[in-house]
Participant: 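One structure, as structure tokens, below. Some questions next.
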Protein chains: 2
Amino acid sequence: MTQWVDEHGKLVFDVFAKACTSRATLEHVTGRWGVLTMVALRDGTLRFNALRRRVDGVSEKMLAQTLQALERDGFVHREAQATIPPRVDYTLTPMGRQTADSLLSLVELVESQMVEVEAAQARYDTAKGD
Amino acid sequence: MTQWVDEHGKLVFDVFAKACTSRATLEHVTGRWGVLTMVALRDGTLRFNALRRRVDGVSEKMLAQTLQALERDGFVHREAQATIPPRVDYTLTPMGRQTADSLLSLVELVESQMVEVEAAQARYDTAKGD
DNA sequence: CGGGATCCTTTAGGATACTG
DNA sequence: CAGTATCCTAAAGGATCCCG
């Protein structure tokens with residue numbers, strides 16, 4: 001059971017509750033590096049360092065950590081070859097691709113809103129200024 | 001210009017770049033409290049403390065901070081009445097509602113995936129265990 | 001009631017060095 | 001190449017008090 005209605009008949013999701021699994025999982029995919037990693041993997045398999053170059057500013061540590069969380073949740077598949085030098089490929093699972101699609105439409109939406117967002121920020125800042 | 005193609009012809013978004021406005025804005029809406037606040041406001045106007053009760057675990061400080069960021073970006077409208085006691089209503093702007101819709105479908109998707117996610121986590125943990 | 005200001009703790013995250 | 005381990009700093013976040 002992941003949703004119910006509150007005393008006013010409104011739909012409430014499990015994710016609103018402090019101690020729930022879905023909140024943690026949601027944070028993995030919506031986190032700063034989670035979103036970018038998922039969207040980057042959406043158009044194909046990538047190796048660790050390729051992924052790192054794609055997601056500007058991510059450190060080794062954070063990328064490794066992000067990928068492990070996403071792999072554990074079942075969004076990302078990790079394929080390691082025991083060669084020298086090692087080669088590790090990261091791919092989205094079917095479930096991961098579904099989620100990445102949703103994330104991508106969010107990213108596209110926000111990108112399309114940026115002109116309006118920056119206008120709103122300018123208005124907000126001048127209103128506070130005086 | 002918010003997107004372009006890289007050397008391999010792949011679509012790349014501005015959000016992938018470290019220093020860009022869209023990345024910051026995206027983080028406001030995808031942040032831990034941003035998602036929940038936007039989704040909570042999606043089915044109507046809410047006052048500060050009502051919102052706080054809805055989003056389990058959020059502190060006064062973080063809710064205020066989240067709302068200010070979302071207001072500055074133009075996603076949330078703040079309507080204050082100079083009465084005693086004061087009354088402040090928070091509503092989504094049209095742009096905010098659009099974004100909240102996208103966020104809601106993401107939340108619904110993740111909630112629907114939780115059974116599979118928990119199965120994946122169990123598999124991952126036992127695989128690491130031995 | 002809706003915050004702001006202050007103080008403090010905890011976590012995220014970067015830099016560097018090292019390993020199979 | 002693909003990480004892990006360690007150390008450290010900066011930012012997130014909570015608790016409390018106060019004010020209009």
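Here the structure is a predicted model, which means the values were calculated and not measured. Throughout, a chain's letter reflects where its sequence line sits, starting with A, and its residues are numbered from 1.
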Participant: Tell me whether the OP1 or OP2 atom of D:dC1 has a side-chain N or O from A:Y90 closer than 4.0 Å.
Facilitator: no

Participant: Is the phosphate of C:dC1 approached by B:N49 (side-chain N or O, under 4.0 Å from OP1 or OP2)?
Facilitator: no

Participant: With DNA chain D as reference, determine whether A:E60 or B:G57 sits nearer its 5' end, using the nearest nucleotide of each.
Facilitator: A:E60

Participant: C:dG2 P sits how many Å from B:E79 CD, rounded?
Facilitator: 14 Å

Participant: Using whole Å, report how far CE of A:M62 lies from P of D:dA12.
Facilitator: 13 Å

Participant: Separation of A:D89 atom CG from D:dG3 atom P, in whole Å?
Facilitator: 10 Å

Participant: Taking atom P of C:dG13 as reference, at what distance in whole Å does atom CG of A:D56 sit?
Facilitator: 15 Å

Participant: OP1 or OP2 of D:dC1 versus the side-chain N and O atoms of A:R47: is any pair under 4.0 Å?
Facilitator: no

Participant: For A:E60 and A:R52, which heavy atoms make the closest approach, and how far apart are they?
Facilitator: CG-NH1, 3.1 Å

Participant: When the distance from CG of B:L46 to C1' of C:dG3 is rounded to whole Å, what number comes out?
Facilitator: 17 Å

Participant: Does anything in residues 63-74 of chain B come within less than 4.0 Å of DNA chain D? Heavy atoms only, and list the residues if so.
Facilitator: none

Participant: Check whether any side-chain heavy atom of A:V35 lies under 4.5 Å from a side-chain heavy atom of A:V107, and answer yes or no.
Facilitator: yes

Participant: How many angstroms lie between atom CD of A:E79 and atom CZ of A:R87, to the nearest 0.5 angstrom?
Facilitator: 10.5 Å

Participant: Of the listed nucleotides (C:dC1, C:dG14, D:dG14), which one gets closest to any side-chain atom of A:K61?
Facilitator: C:dG14

Participant: For a side-chain contact (heavy atoms from CB on, under 4.5 Å) with B:R54, tell me which candidate from B:T37, B:L46, B:V39 qualifies.
Facilitator: B:L46

Participant: Look at A:R32 and C:dG13 and indicate whether a side-chain polar atom (N or O) is within less than 4.0 Å of OP1 or OP2.
Facilitator: yes

Participant: What is the distance, rounded to the nearest whole Å, between atom CZ of B:R52 and atom C1' of D:dA15?
Facilitator: 11 Å

Participant: More 5' along DNA chain D: A:R53 or B:P85, using each one's nearest nucleotide?
Facilitator: A:R53

Participant: Can you see if the side chain of B:R87 gets near the phosphate of C:dG2 - specifically, an N or O under 4.0 Å from OP1 or OP2?
Facilitator: no

Participant: Under a 3.5 Å distance rule, please check whether A:T45 uses its side chain to pair with a backbone N or O of A:T91 as donor and acceptor.
Facilitator: no

Participant: Among D:dC1, C:dA17, C:dG3, which is the nearest nucleotide to the side chain of B:R78?
Facilitator: C:dG3

Participant: Using side-chain heavy atoms (C-beta onward) and a distance below 4.5 Å, is A:F16 in contact with B:D56?
Facilitator: no

Participant: I'd like to know if B:L109 and A:L26 are part of one continuous hydrophobic network [Ile/Leu/Val/Met/Phe/Trp/Tyr, side-chain heavy atoms within less than 4.5 Å].
Facilitator: no

Participant: Report the distance from atom CZ of A:F48 to atom P of C:dG20, rounded to the nearest whole Å.
Facilitator: 18 Å

Participant: Identify which nucleotide among C:dG13, D:dG13, D:dA2 has an atom closest to any side-chain atom of B:W33, counting heavy atoms from C-beta outward.
Facilitator: D:dG13

